[in-house]
Amino acid sequence: MKEDLVKEIGRALAGLLEESGDSAPAPEVSLEVPRQPEHGDFACSLAMGLAKRLGKPPRAIAEDLITRLGDAGGLLVSAEIAGPGFINLRIAPAAWQKLVGTIIDAGGEYGRSQIGEGEKLQVEFVSANPTGPLSTGHGRQAILGDCLARLLAKVGFEVTREYYFNDGGRQMRVLGDSVKARYLEELGRAAAPPPEAMADPEHAWRDEIDGLPVAFPTDGYQGDYIREIARELIESHSEGLVDEPGDGHFREFAHKEIFKDIEATLVSIGIHFDVHFNEKSLYDEGKIDEVIADLRAQDLIFESEGAVWLASIKMGLDRDRVVIKSSGEPTYLLPDIAYHREKFRRGFDRVVDVQGADHIEQFPFVRRAVGALGFDEERLELVMHQFVTITSGGEKVKQSTRRATFVTVDELVKDVGKDVFRFFMIERKPEGHLDFDLDLAKDQNWRKNPAYYVQYAHARTHGIERRAQEEGVPMPSSTSFDPTRLELPEEIELVRKLGAFPEMVERAAQEREPHHVAYYLRELAGLWNPYIQDGSRHRVISEDESLSAARLGLVLAVRNVLAEGLDLLGLTAPERM
RNA sequence: GCGCCGGUAGCUCAGUUGGAUAGAGCAUCAGGCUUCGAACCUGAGGGUCGGGGGUUCGAGUCCCUCCCGGCGUGCCA
């Protein structure tokens with residue numbers, strides 16, 4: 001709807017500019033939906049922007065535009081000048097009414113566009129290392145990444161979801177050592193930490209924890225899940241692993257077990273990845289060495305203090321970074337650079353990284369290095385998100401990663417279910433903090449919970465259809481009803497909202513801000529629920545067959561858009577609740 | 001210290017390249033069920049958009065500055 005109107009205005013504008021002898025490029029036509037309904041369906045501020053350029057008062061320009069615009073090919077019922085030079089445009093009711101059938105016909109394709117032009121796009125998200133269960137922060141990222149992927153696919157990108165994990169390095173060693181410590185402890189051999197661990201200064205063991213005589217890595221993983229993994233090992237191997245190093249079988253087993261759990265968690269919230277990429281493969285295939293060599297060839301690598309550095313100051317950043325420690329071990333930065341280069345080498349036209357605020361510092365270095373390696377850094381994007389706090393009973397629930405007292409995705413999902421979890425996690429703009437209101441999310445009465453409010457709106461469309469069936473009233477097809485019977489203001493208002501869906505999808509995708517979908521759905525449900533509620537003034541199914549058919553058409557259109565929106569968020573669209 | 005993100009109603013938050021009288025949910029208060037779903041709906045109160053300055057026809061939105069909060073600033077990931 002908006003698109004058609006923009007085209008018409010563009011035509012009028014071109015004519016005006018030509019007649020004024022202005023050959024400079026025409027400004028982009030933008031329309032907004034005014035806050036005040038009296039200001040029409042769309043408002044255009046073009047005339048005010050052109051006043052200086054054309055040396056004419058804005059209202060005169062507006063007047064000229066309106067004359068040239070006419071009724072915009074039947075779209076408009078009125079166009080008026082208002083205030084300093086706004087043009088208030090009112091869409092002809094017939095144009096809105098026609099939209100109902102169009103939406104029904106479009107079905108699942110409504111809102112689809114091709115702005116992605118079939119570009120191959122990768123969204124990388126979650127990417128948690130298998131050292132423990134997913135936390136709420138991971139959970140937010142999981143939903144954010146998945147919803148972005150859904151949106152981007154909807155607007156014409158060819159999307160791949162990817163999960164990157166680190167299966168080498170210190171974290172996994174510590175994991176193995178932690179499991180071994182618990183293993184020994186469970187066997188009553190807690191007082192004997194392995195000698196190699198004692199020798200590692202970076203990795204000191206201490207003699208007690210919480211007052212108990214337990215040998216445990218100082219920076220080890222303290223969660224109960226470690227103990228459970230140790231018990232499983234005792235069941236399968238008894239005391240047979242006492243002399244195994246933590247870095248061997250313990251690490252491997254823990255890695256596999258925890259990853260299995262993470263996968264199960266992700267599946268439980270409706271998330272599937274197309275590719276799991278592991279860091280180790282970069283080493284195995286020589287990609288790490290290759291990056292060093294290629295950067296060195298450009299004089300972007302240097303040695304100092306026994307370490308190997310990335311000359312990032314030379315690349316315009318604020319400091320240089322170590323890529324290989326004096327111990328000979330690479331820092332996390334190096335494989336990250338290699339990994340991102342591989343993304344582009346694998347043929348992605350565009351790469352979106354979803355990351356938590358705690359390691360955005362890293363991103364500019366990766367991005368710039370990938371640019372130096374010959375790829376367009378503009379095509380490597382970051383979607384950053386802040387962390388999640390949980391509020392219950394008016395107080396923040398205390399969380400600590402170190403003490404493993406954080407709330408896990410599993411716990412939250414068990415409390416509130418997949419759909420509520422997803423809705424609450426996507427409702428806020430990514431770069432803002434997200435306060436998860438546990439009381440509201442758990443609300444068993446369901447009436448205040450925005451996730452249910454939207455789903456309920458959808459279920460109601462089926463409720464009406466069930467009713468129609470009982471009464472023997474057939475559901476209309478997209479063309480078998482007379483849409484001009486939808487003439488109540490609240491009906492036009494609903495159709496206007498339905499008509500805004502494609503623009504909302506496009507904006508949410510382009511801005512990488514899926515929360516707009518959640519807000520849109522709340523607004524649509526906020527129009528629909530009252531409409532359907534107020535049966536005393538306008539019952540859908542009545543003696544008037546033609547009117548019933550038209551309103552059932554509206555029911556189908558509303559259902560279609562609600563279902564589309566819910567699908568973009570990965571929520572189920574229930575037929576009854 | 002420096003960098004990034006945030007500061008909008010009692011609470012949690014929207015606010016579309018700068019547009020007209022700043023919105024929603026929750027909470028509070030007052031109403032409404034012989035009704036296609038009352039798991040709902042109607043209405044009300046509630047704001048110096050953190051403070052100050054600037055840019056212009058117009059600023060919650062852009063610029064400067066200060067204050068507050070979160071995160072980062074490692075040869076940790």
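Below, each value reflects all heavy atoms present in this structure, side chains not excepted, and no hydrogens, waters or symmetry copies. Chain A is the first sequence line, chain B the second, and so forth, proteins listed ahead of strands; every chain is numbered from 1.
- Counting non-hydrogen atoms of neighbouring residues, nucleotides and ligands closer than 6.0 angstrom, the CZ atom of A/Arg466 exceeds 12 such neighbours.
- A close approach under 4.0 Å does not occur between any side-chain nitrogen or oxygen of A/Lys429 and OP1 or OP2 of B/rC13.
- To the nearest whole angstrom, the two P atoms, one in B/rG31 and one in B/rA59, are 43 Å apart.
- Neither OP1 nor OP2 of B/rC76 sits under 4.0 Å from any side-chain N or O of A/Arg173.
- Annotation for A/Ala508 and A/Val517: closest pair CB-CG2, 4.3 Å, computed over non-hydrogen atoms.
- Under a 3.5 Å cut-off, the side chain of A/Asn449 and the backbone N or O of A/Ala451 do form a donor-acceptor pair.
- When heavy atoms are screened at a 4.0 angstrom cut-off, A/Ala51 is found touching no nucleic acid atom at all.
- Taking a centre distance below 5.5 Å and an interplanar angle below 30 degrees as the stacking criterion, A/Phe86 stacks against the six-membered base ring of B/rA20.
- Contacts between residues 354-364 of chain A and RNA chain B, defined by a heavy-atom separation under 4.0 Å, are made by A/Ala357, A/Asp358, A/His359, A/Ile360, A/Glu361.
- We find that A/Asp435 and A/Lys396 are joined by a salt bridge, their nearest charged nitrogen and carboxylate oxygen being less than 4.0 Å apart.
- The phosphate of B/rG74 has OP1 or OP2 within less than 4.0 Å of a side-chain N or O from A/Arg319.
- A/Ala82 comes within 4.0 angstrom of a base, heavy atoms only.
- Within 6.0 Å of CD in A/Glu431 there are more than 12 heavy atoms belonging to other residues, nucleotides or ligands.
- When heavy atoms are screened at a 4.0 angstrom cut-off, A/Asn88 is found touching base atoms of the nucleic acid.
- Using P as the reference atom, B/rG50 and B/rG45 are 23 Å apart when rounded to the nearest Å.
- Of the C1' atoms belonging to B/rG72 and B/rA77, the separation is 14 Å, rounded to the nearest Å.
- In the region residues 512-527 of chain A, proximity to RNA chain B at under 4.0 angstrom, judged on heavy atoms, holds for A/His515, A/His516, A/Tyr519, A/Arg522.
- Using a 4.0 Å heavy-atom cutoff across all strands shown, A/Asp437 reaches no nucleic acid atom at all.
- Residue-level contact check: A/Gln386 touches the bases, meaning some heavy atom is under 4.0 Å from a base atom.
- A donor-acceptor pair shorter than 3.5 Å cannot be found between the side chains of A/Asp437 and A/Thr391.
- Under the rule for a salt bridge (Lys or Arg N to Asp or Glu O under 4.0 Å), A/Glu506 has no partner lying at least two apart in sequence or in another chain.
- Side chain of A/Arg507, nearest nucleotide from B/rC5, B/rG15, B/rG19: B/rG15.
- Set against B/rC5, B/rC75, B/rC13, the side chain of A/Ala307 has B/rC75 as its closest nucleotide.
- Here B/rC36 is the nucleotide among B/rC76, B/rC36, B/rG19 with the atom lying nearest to any side-chain atom of A/Val540.
- Summarising the geometry of A/Ala457 relative to A/Asn529, their closest heavy-atom pair is CA-OD1, 3.5 Å, with the distance given to 0.1 Å.
- Side-chain atoms of A/Glu80 and A/Asn88 include no donor-acceptor pair closer than 3.5 Å.
- Nearest-nucleotide assignment on RNA chain B puts the 5′-proximal partner with A/Asn529, out of A/Ile324 and A/Asn529.
- Rounded to whole Å, the P atom of B/rC11 lies 29 Å from the corresponding atom of B/rC4.
- An OP1 or OP2 oxygen of B/rC41 is reached within less than 4.0 angstrom by a side-chain nitrogen or oxygen of A/Tyr453.
- Counting any heavy atom pair closer than 4.0 Å across all strands shown, A/Glu427 reaches no nucleic acid atom.
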